[in-house]
Amino acid sequence: MDDEYAKLIRRMNPPRVVIDNDACRDATVIQVDSVNKHGILLEVVQVLTDVNLVIKKAYISSDGGWFMDVFNVVDQDGNKIRDKEFLSYIQRRLERNSSFAPSLRDSVGVMPSEEHTSIELSGTDRPGLLSEVCAVLADLNCNVVNAEIWTHNARAAAVVHVRDDSTGCAIKDPKRLLKIKELLCNVLRGNNDFKEAKMTLSPPGVTNRDRRLHQIMFADRDYERVGRAELGRIEDKASRPNVTVLDCIQKDYTVVTMRSKDRPKLLFDIICTLTDMQYVVFHGMVNTGTKEAFQEFYIRHVDGLPIGSEAERERVTQCLEAAIERRASEGLELQLCTDDRIGLLSDITRIFRENSLCIRRAEISTKGGKAVDTFYVTDVTGNPVDPKIIDSIRRQIGQSVLQVKYDSTLAPKPRQETTMGFLFGSFFKARTFQNFKLIRSYS
């Protein structure tokens, strides 16, 4: 009865969205007011992320039965959103009464699908892994039409959409799917691997692909930090996110403050992780600078209680660090654009492997018969790639086919600051320094 009553209240009070281009000099301001429910913040942020908006600032308040958030957003070029048709589309998406549905283009779990089969992979990361996976799929006449691959803390996860090359449709034959699973699990199962390799069909329902990758990584416990010495890499502690957990004793919240390099989809990744860990953000603020992002959230568990144990605090800290790091653009960004064909991805990744490149993250897509793929690569030890090797690869693949887009190793490092919790200094007027007890700081 309580659930039905909550649904009735939401139907009677659909979300109210106000978009203002005059309130802020350098950003479009989007205000969302709605009946509060668990996960609504993630749904709103997901809509803004789906339409490729960059969130520069945000003010979050969802105490009680009402949700009121303000977002300062710009486009990918840092400009206000001026297109009236696009603004109207954003407003319709946010005001949709049947919840903020994810874009099907970036979704998984739409099973069964006539167009493709969606499979999920997880296993131990190693140099050449993606090349081996692509070779298996090519040998089995599976054409990769879309995919996203993440690596973090010696683990790898992927969501891959494949089609039967002969029919151009989804693969449904159970025997063939079983064979694909067996061969891919053999590839994913590294030597002396202490964790299980997995290949599964995406579950029923509609789930944002990025959120599903976070869930796969979380289930694989990639947040348990592996020393970079084990990976043959030198750890740069200055580049790691700083996550600090405090108790707001007077207000009965747990306060989580994060400082990290700014990047696209950072807020989505953090809110996604908190939501899937069953935490609710009651108040918060986001502020991004030229290179850094500061975020401060006042949270409780869905049962209404703040974090209550040292083990829980440590786990939340580790999981938020992992959420920030998974999508970090590590290494050299390469973009491939050419006519799509069966085995193309296998050939490209084989060339990378033969030249000792390690793929840290990849986004694979096909549009109108064209393959548009992005790879983030380092050498096998995690260090920058020799430019001579990149030149050689580009000559082999084609100078116009493979372009160098960005090198994260050339970006300036963010300045280091020690002041924490300053973003919300005036949010609670009754707050004083004595109201807070520093629980633990993990850097």
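On a predicted model such as this, the values are computed, not experimentally measured, just so you know.
- A salt bridge is absent between Arg315 and Glu312: the closest approach of a Lys/Arg side-chain nitrogen to an acidic carboxylate oxygen does not fall below 4.0 angstrom.
- Of the possible polar contacts, one joining the Glu95 side chain to the Val17 backbone as a donor-acceptor pair under 3.5 Å is found.
- Looking at Thr151 and Arg155, their side chains never bring a donor and an acceptor atom within 3.5 Å of each other.
- Without hydrogens or angle criteria, Asn355 side chain to Ile351 main chain gives a donor-acceptor distance under 3.5 Å.
- A salt bridge does not link Lys370 to Asp340: none of the charged nitrogens lies less than 4.0 Å from a carboxylate oxygen.
- No side-chain heavy atom of Phe86 sits under 4.5 Å from any side-chain heavy atom of Lys84.
- Side chains of Thr28 and Asn21: a donor on one and an acceptor on the other come within 3.5 Å.
- A side-chain N or O of Asp276 and one of Gln215 form a donor-acceptor pair less than 3.5 Å apart.
- Using a 4.0 Å cut-off between charged side-chain N and carboxylate O, Arg360 and Glu333 make no salt bridge.
- Taking every heavy atom of both residues into account, Asp262 and Gly289 meet most closely at OD2-O, 4.4 Å.
- Interatomic distance, CG of Asp33 versus CZ of Arg16, reported as 6.0 Å (0.5 Å rounding).
- Arg240 has a carboxylate O that lies under 4.0 Å from a charged side-chain N of Glu321, or vice versa, which qualifies the two as a salt bridge.
- Ring planes of His214 and Phe268: tilted class, angle from 30 to 60°.
- Judged by the 6.0 Å and 45° rule, Arg259 forms no cation-pi pair with Phe294.
- Counting heavy atoms from C-beta outward, Tyr59 and Val286 have side chains that stay 4.5 Å or more apart.
- Between Arg327 and Asp210 a salt bridge is recorded (basic side-chain N to carboxylate O distance below 4.0 Å).
- Contact check for Arg211 versus Thr275: side-chain heavy atoms found under the 4.5 Å cut-off.
- Of the charged side-chain nitrogens involved, none lies within less than 4.0 Å of a carboxylate oxygen, so that Glu120 and Lys198 do not count as a salt-bridged pair.
- Under the 3.5 Å distance criterion, the side-chain polar atoms of Thr374 are left unmatched by any main-chain donor or acceptor of Glu363.
- In this structure, Ser118 and Val159 approach most closely via the heavy-atom pair OG-CG1, 4.0 Å.
- The backbone N or O of Asp252 lies less than 3.5 Å from a partner atom in the side chain of Arg300, making a donor-acceptor pair.
- Phe375 does not carry Arg361 over the face of its six-membered ring by the limits of under 6.0 Å from the centre and within 45° of the normal.
- Here the side chain of Thr366 pairs a donor or acceptor atom with the backbone of Val145 at under 3.5 angstrom.
- Ion pairing between Asp50 and Lys265 fails under the 4.0 Å rule for side-chain N and carboxylate O.
- The existence of a salt bridge linking Asp75 and Lys80 is excluded, since no basic side-chain nitrogen approaches an acidic carboxylate oxygen closer than 4.0 Å.
- Asn242 and Thr244 are linked by a side-chain donor-acceptor pair at a separation below 3.5 angstrom, with hydrogens and angles left out of the test.
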